[in-house]
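One structure below.
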Number of protein chains: 2
Amino acid sequence: MPVTIKDVAKLAGVSPATVSMVLNGKGKVSEETQKKVEEAAQKLGYRPNIVARSLVKGKTNTILLCAFIKEQEKLSAFYGELINHLLAAISREGYYLQIVVKGEFFNGHPLDKREALLNIARNRLFEGLIILSHWPIHYSEVSDLVKENFPFVIVNQRVEGEGVSYVDIDHYGGAKEAVKYLIEKGHRHIAHLRGPREHRHAEDRYKAYVDTLLDFGIPLKKEYVVEGNFRRISGREAMEKLLQVSPLPTAIFAANDKMAIGALQVAKERGIKVHDDINIIGFDGIEAVKYTEPPLPTVEQPLGELGKVAAELLAERIRGGEEKGIVLPCKLIGRRCLVK
Amino acid sequence: MPVTIKDVAKLAGVSPATVSMVLNGKGKVSEETQKKVEEAAQKLGYRPNIVARSLVKGKTNTILLCAFIKEQEKLSAFYGELINHLLAAISREGYYLQIVVKGEFFNGHPLDKREALLNIARNRLFEGLIILSHWPIHYSEVSDLVKENFPFVIVNQRVEGEGVSYVDIDHYGGAKEAVKYLIEKGHRHIAHLRGPREHRHAEDRYKAYVDTLLDFGIPLKKEYVVEGNFRRISGREAMEKLLQVSPLPTAIFAANDKMAIGALQVAKERGIKVHDDINIIGFDGIEAVKYTEPPLPTVEQPLGELGKVAAELLAERIRGGEEKGIVLPCKLIGRRCLVK
DNA sequence: ATTATTAATTGAAACGATTTAATAAGCTTG
DNA sequence: CAAGCTTATTAAATCGTTTCAATTAATAAT
């Protein structure tokens with residue numbers, strides 16, 4: 001039997017209304033009663049029931065992070081940094097964070113994101129929603145939220161449309177910088193280990209590769225593009241393939257670090273000197289690339305920033321502000337690894 | 001203006017009570033009214049207000065992960081894996097997860113964990129609590145929770161006492177295995193890069209180092225133990241010191257992977273062949289050690305398991321079950337890196 | 001001394017659901 | 001046909017707060 005406001009009121013000899021006012025510092029209460037109430041509350045160890053308060057106030061101060069993940073994917077690395085910053089920013093704005101992960105399927109059939117999101121918006125438990133997705137989101141899946149005027153932000157996907165705030169990472173720009181850097185270093189035979197076709201960001205990186213070559217008038221060579229699935233092993237396999245191609249590429253731009261590491265391993269096994277004989281650049285900014293031999297340069301994703309901005313955008317929307325789309329730049333790091 | 005149960009009742013021409021019964025499948029309702037209600041609910045897009053429901057039911061189905069973190073520490077790597085599994089297990093049990101991070105300080109003065117926890121228990125927003133801490137927790141800080149009979153689990157710390165469930169990792173055992181392995185490989189000059197003294201787990205690993213040497217009758221040499229702060233740089237510094245000692249150690253057991261990597265780097269710079277001239281073993285199981293040159297063996301912490309077990313223990317307590325303390329074993333991985 | 005003003009306190013409604021006990025209607029049954 | 005049983009439905013209480021309007025008491029103004 002938890003202590004309620006009535007218990008405090010009774011002990012202090014006042015009405016519940018007065019107790020509420022004292023504890024929330026509202027209205028006019030004489031110092032005398034204030035003291036009485038505070039003592040009573042202290043004595044009983046009273047803490048307000050947040051649920052009851054939320055009901056009457058119509059505010060829960062809680063926002064939900066809803067992560068859409070395909071079964072096989074692990075959020076681990078991505079999660080940590082993102083959540084860390086999200087949490088920090090969110091609580092700075094005075095909100096609590098709840099997290100839920102939704103898979104590709106629900107009760108056997110494909111998850112209906114639209115339905116799931118509408119549910120969240122209408123159950124009135126959350127004041128805002130952060131949608132994190134590793135695969136594309138269509139406007140129609142969130143249009144209900146817009147109609148309901150429910151504040152939300154999409155993280156890690158670009159979704160243009162009325163009422164949609166999103167924060168994404170500029171994979172295209174990051175990739176472009178990497179390829180450009182290689183070209184400016186004098187490379188003309190640049191290969192690309194690309195990611196899966198259905199992966200939006202992999203596509204962006206690939207496009208950047210193609211466009212940058214064109215920008216510099218370097219002919220695109222089909223054999224220089226090999227598709228992998230983002231795992232180290234597939235980086236190895238891709239590298240094996242590349243080593244059949246003639247002329248051998250002098251540089252490789254890998255669509256992610258894991259594959260870059262795989263490629264690196266194969267190169268070393270074959271006695272190819274990275275970065276003397278062949279330059280390799282990855283993408284993501286995972287910690288491991290700093291410790292490979294040699295270390296690999298990479299395009300670092302601002303995951304922390306992603307979380308921080310998401311929180312800010314959402315807070316803005318909750319306050320009734322405008323929707324906004326933000327694309328964060330990546331940073332090519334570890335350049336000096338290549339210079340030697 | 002959200003749709004309430006009254007709106008549905010009105011449209012369906014019945015009482016709110018009936019609507020509630022239909023939607024929750026309770027009580028006896030004629031098929032005819034059932035249909036009417038369902039149609040009305042469908043038409044209006046009604047979703048129950050979870051807050052109101054929670055209030056009357058006295059259940060929120062939400063549990064809180066409260067992470068106590070010192071400012072400078074990053075949860076990132078640790079977080080990801082842990083939360084992933086925690087989330088999976090928690091939702092399997094039918095609960096939602098909310099997360100809050102508490103620093104070392106609160107409003108200027110040191111955080112009163114006892115107060116903070118009591119607050120959580122009494123605000124009736126959560127049905128259970130998972131306490132994650134990177135520094136020791138004293139029984140007195142959670143005894144209130146026990147008194148209140150509030151279900152909770154401590155993760156990553158061992159706290160013995162009436163009413164306390166915890167799940168921790170066997171750092172002592174893991175470290176012992178590592179050192180033992182080195183000894184059995186023939187090493188007699190084994191150094192230890194230990195972690196900070198105030199860090200409970202660092203202490204465990206250190207103790208295991210000492211005990212294991214003793215077990216095998218190997219004299220403990222003071223100069224072979226160097227203290228670091230778990231960061232790579234301090235691993236480098238420690239290694240520099242170790243290289244002054246004579247005879248040079250033939251093996252190093254580092255209290256964590258980052259320091260092990262630092263030591264590795266220095267060794268390589270000095271032309272010392274890891275693992276020919278000197279064996280290095282780390283602790284933690286971060287990804288990077290797989291990709292160093294050479295890869296380093298390490299003692300892997302079962303972080304996923306930690307989350308999974310925490311959820312199970314908590315669910316058990318919520319059900320009214322017994323408290324239980326579980327210590328998960330670590331695993332020495334990458335042995336083959338040493339064999340060559 | 002009466003009225004107006006201010007200050008302190010409280011009763012009661014409201015938030016949106018669930019649930020219990022009561023009611024009404026329809027059937028049996030003796 | 002009255003009494004007893006079911007069955008379907010609902011009125012009203014409840015959960016624990018907050019808040020608004022009303023009340024009371026005390027003080028100032030006329």
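To find a chain, count down the sequence lines: A is the first, B the second, and so on, and within it residues start at 1. For the numbers below, each heavy atom of this structure counts, side chains included, while hydrogens, waters and symmetry mates do not.
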Nearest 0.5 Å, please: how far is [atom2] in [Y] from [atom1] in [X]?
X        : Y        : atom1 : atom2 : answer
B:Arg317 : B:Leu145 : CZ    : CG    : 10.5 Å
B:Tyr46  : B:Ile5   : OH    : CD1   : 4.0 Å
B:Asn49  : A:Ser54  : CG    : OG    : 9.5 Å
B:Ile83  : B:Glu81  : CD1   : CD    : 11.0 Å
A:Asp168 : A:Ile154 : CG    : CD1   : 10.0 Å

Using atom [atom1] of [X] as one end and atom [atom2] of [N] as the other, report the distance to the nearest whole Å.
X       : N      : atom1 : atom2 : result
A:Lys28 : C:dT9  : NZ    : P     : 12 Å
A:Lys59 : C:dA14 : NZ    : P     : 23 Å
A:Glu31 : C:dT9  : CD    : C1'   : 16 Å

request  = For the helix from C:dA1-D:dT30 to C:dG30-D:dC1, figure out the bend between the end axes, five pairs an end, and round to 10 degrees.
outcome  = 70°

query = Just by protein heavy atoms under 4.0 Å, how would nucleotides 15-28 of chain C read 5' to 3' in B, S and -?
reply = BBSSB---------

A:Arg47/B:Glu115 salt bridge by N-O under 4.0 Å criterion = yes

query = Taking NZ, NE, NH1 and NH2 as the nitrogens, is one of them in A:Glu148 or A:Arg122 under 4.0 Å from a carboxylate oxygen of the other?
reply = yes

inquiry  = Mind checking if A:Thr33 touches a base, just sugar-phosphate, or nothing, with heavy atoms under 4.0 Å?
reply    = sugar-phosphate

inquiry  = Quiz question: by atom type and distance under 3.5 Å, do the side chains of A:Ser143 and A:Ser140 form a donor-acceptor pair?
reply    = no

ask   = Can a side chain N or O of B:Ser30 be found less than 4.0 Å away from OP1 or OP2 on D:dT9?
value = yes

